[in-house]
Amino acid sequence: MTDLRPKRLDLAALASDACAVVPTRDRPEALGRCLAALRASADGIGERLALVVADDGSSDAAAVGAVAARHGAELLRLGGSGPAAARNAGARASSRQVVMFCDDDCEPAPRWAERMLRSLDAGREVVAGRTVSPQGARAPLRAGQAITNSLLLGTLRSLGARVGFAPSCNLALRRRVLERVEFDESFPSAAGEDRDWCERLAAAGIAIGYEPRALIVHSPAVTLRGFLRQQWGYGRGGARYRRAGHGRHPAPPGFWRELMGAGRREGPAVSALLLAAQLATAGGALAEAIEARNRG
């Protein structure tokens, strides 16, 4: 009897048809670490993985260009339209049929790309990995990561199955998905644009798979003041996200349970920051609502 099941591609073939897009701005040293880790994460065949750096208006463009060249990455020069536009432009720059997204302050762990590619090869259209803070990270960084992870885990339907939200720093997908649902470039910053994209994926009937073994270490340079400013921005982005679609809620079911659990695990300092973050987020959402009303 003829076996009509689709043939599984080997890892080399998968990597040869994949690109990794990294939006960046003014962080050449972090970008270098990210690109090196991306190469290493494809289990020995990283040279087959195309790298695309979307420089979104860096002040020292030459430094970013030197880092991209050193790692064999294609370089795009953009005008500072934000990470949503940078991701779209980076994906359009390559004709490869698998697109992976990673941020410049992230370092994929060994086998990250391999695991993402194999998860797509198993039949998924979009896959999200697991993102963590580095060991010994300060409280603001751990608090920020706890909030993002709580959004993801709060939507997890079953272990290793589907999520309703995935941060854009740890994604892999088929090109045909972006041809149907691109990132909304009207979002000016890294705040709410990934939630909006995930919501529109769900509306289009496209599920996001979850591969917790595909690990990325996220190491943003976050101070206490920067953390609160970031959460204020997330509040504004969240308000734009809700305004962009009817029936959208501030947080998915399960978010608060996950967030409280993260606070207990991380200790009093992080718990206090998680509370402060909610106040900052609410303030940002209110400021955005007032400005939107004044704009008419």
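In what follows, residues are counted from 1 in the order of the sequence shown. Being a predicted model, the structure only gives us computed values, none of them experimental.
- Considering all non-hydrogen atoms of both residues, C34 and C102 come closest at SG-SG, 3.7 Å.
- Using a 4.5 Å heavy-atom threshold, the side chains of R257 and S150 count as separate.
- Under the 4.5 Å side-chain heavy-atom criterion for ILVMFWY residues, no single connected hydrophobic cluster contains both L78 and L51.
- The closest side-chain heavy-atom distance from V132 to Q145 is not below 4.5 Å.
- Of all heavy-atom pairs spanning L259 and A146, the tightest one is CD1-O, 4.1 Å.
- Judged by distance alone, with hydrogens and angles left aside, the side-chain atoms of R180 form no donor-acceptor pair with the main-chain N or O of L201 at under 3.5 Å.
- Taking every heavy atom of both residues into account, A68 and L35 meet most closely at CA-CD1, 4.3 Å.
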Run the salt bridge (Lys or Arg N to Asp or Glu O under 4.0 Å) test on E125 and R176 for me, step by step, so that the C-alpha distance in whole Å, both residues' side-chain angles and the decisive distance to 0.1 Å come before the verdict. CA-CA 9 Å; E125 292 289 289; R176 57 181 175 255; 2.8 Å; yes
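- Taking every heavy atom of both residues into account, L38 and W112 meet most closely at CD2-CZ3, 3.5 Å.
- Between C198 and I208 there is a side-chain heavy-atom pair separated by less than 4.5 Å.
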Step by step, would you call N149 with E258 a side-chain hydrogen bond (donor to acceptor under 3.5 Å, both in side chains)? CA-CA 8 Å; N149 289 350; E258 293 291 341; over 6 Å; no
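- A donor-acceptor contact closer than 3.5 angstrom links the side chains of D105 and H218.
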Apply side-chain contact (heavy atoms from CB on, under 4.5 Å) to the pair V98 and L173, showing each step before the final yes or no. CA-CA 6 Å; V98 171; L173 51 105; over 6 Å; no
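- One N or O on the side chain of D56 and one on the backbone of S81 form a donor-acceptor pair closer than 3.5 Å.
- The neighbour count for E179 CD, taken as heavy atoms of other residues, nucleotides or ligands under 6.0 Å away, is above 12.
- For the atom pair OG1 of T281 and CD of Q230, the computed distance is 9.0 Å after rounding to the nearest 0.5 Å.
- Judged by distance alone, with hydrogens and angles left aside, the side-chain atoms of R115 form no donor-acceptor pair with the main-chain N or O of A214 at under 3.5 Å.
- Taking the side chain as every heavy atom from C-beta outward, E266 and L273 never approach each other to under 4.5 Å.
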Output, in order, the C-alpha distance, side-chain angles, deciding distance and verdict of salt bridge (Lys or Arg N to Asp or Glu O under 4.0 Å) for R92 and E185. CA-CA 14 Å; R92 294 186 200 117; E185 298 182 10; 3.2 Å; yes
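- Here the side chains of D121 and L117 are not in contact, with every heavy-atom distance at 4.5 Å or above.
- Side-chain polar atoms of R124 and S119 form a donor-acceptor pair below 3.5 angstrom.
- The minimum heavy-atom distance linking A287 with W232 is given by the pair CB-CZ2, 3.6 Å.
- Atom CZ in R142 sits 11.0 Å away from atom CZ in R138 (nearest 0.5 Å).
- Remark: side-chain polar atoms of R111 are not paired, donor with acceptor, to backbone N or O of R213 under 3.5 angstrom.
- Aromatic pair Y234/F227: ring centres not closer than 6.0 Å.
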Where do F165 and F255 land on the ring-ring contact (aromatic ring centres under 6.0 Å, His included) test, with the steps shown first? CA-CA 11 Å; F165 165 76; F255 168 74; 9.6 Å; no
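- In terms of modelled atom types and a separation under 3.5 Å, the side chain of S271 and the main chain of G263 share a donor-acceptor contact.
- Side chains of D55 and T24: a donor-acceptor N/O pair is absent below 3.5 angstrom, by distance only.
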Salt bridge (Lys or Arg N to Asp or Glu O under 4.0 Å) for E114 and R118? Distances and angles first, verdict last. CA-CA 6 Å; E114 175 197 350; R118 291 200 183 281; 3.5 Å; yes
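- Environment of CZ in R77: crowded, with over 12 heavy atoms of neighbouring residues, nucleotides or ligands closer than 6.0 Å.
- Neither L274 nor L279 shares a network with the other; the hydrophobic side chains, linked directly or stepwise wherever heavy atoms of I, L, V, M, F, W or Y lie under 4.5 Å apart, form separate groups for each.
- Residues N170 and M116 are in side-chain contact: their nearest non-hydrogen atoms beyond the backbone lie under 4.5 Å apart.
- F101 and V217 fall into different hydrophobic clusters, defined by Ile, Leu, Val, Met, Phe, Trp and Tyr side-chain heavy atoms under 4.5 Å apart, directly or through other members.
- At a cut-off of 3.5 Å, with distance as the only test, no side-chain donor of D60 or S58 sits close to an acceptor on the other residue.
- Looking at R130, its side chain never comes within 3.5 Å of a backbone N or O of Y210 through a donor-acceptor pair.
- Closest heavy-atom contact between L228 and A280: O-CB, 3.8 Å.
- Under the 4.5 Å side-chain criterion, counting only non-hydrogen atoms from C-beta, D196 is not in contact with F183.
- Taken from CG in L141 to OG in S133, the straight-line distance is 4.5 Å, to the nearest 0.5 Å.
- Looking at I206 and V177, their side chains come closer than 4.5 Å, going by heavy atoms from C-beta outward.
- L156 and I147 fall within the same hydrophobic cluster, defined by Ile, Leu, Val, Met, Phe, Trp and Tyr side-chain heavy atoms under 4.5 Å apart, directly or through other members.
- Going from atom CE of M100 over to atom OG of S41 covers 6.5 Å, rounded to the nearest 0.5 Å.
- Not one N or O on the side chain of R229 forms a donor-acceptor pair closer than 3.5 Å with the backbone of L224.
- Between the CD1 atom of I216 and the CG atom of L171 there is a distance of 8.5 Å, given to the nearest 0.5 Å.
- Taken to the nearest 0.5 Å, the CZ atom of R27 stands 10.5 Å off from the CZ atom of R33.
- A donor-acceptor contact shorter than 3.5 Å links the side chain of W197 to the backbone of V181.
- Under the salt bridge (charged side-chain N to carboxylate O under 4.0 Å, His left out) rule, E193 has a single partner from R240, R200, R87, R236, which is R87.
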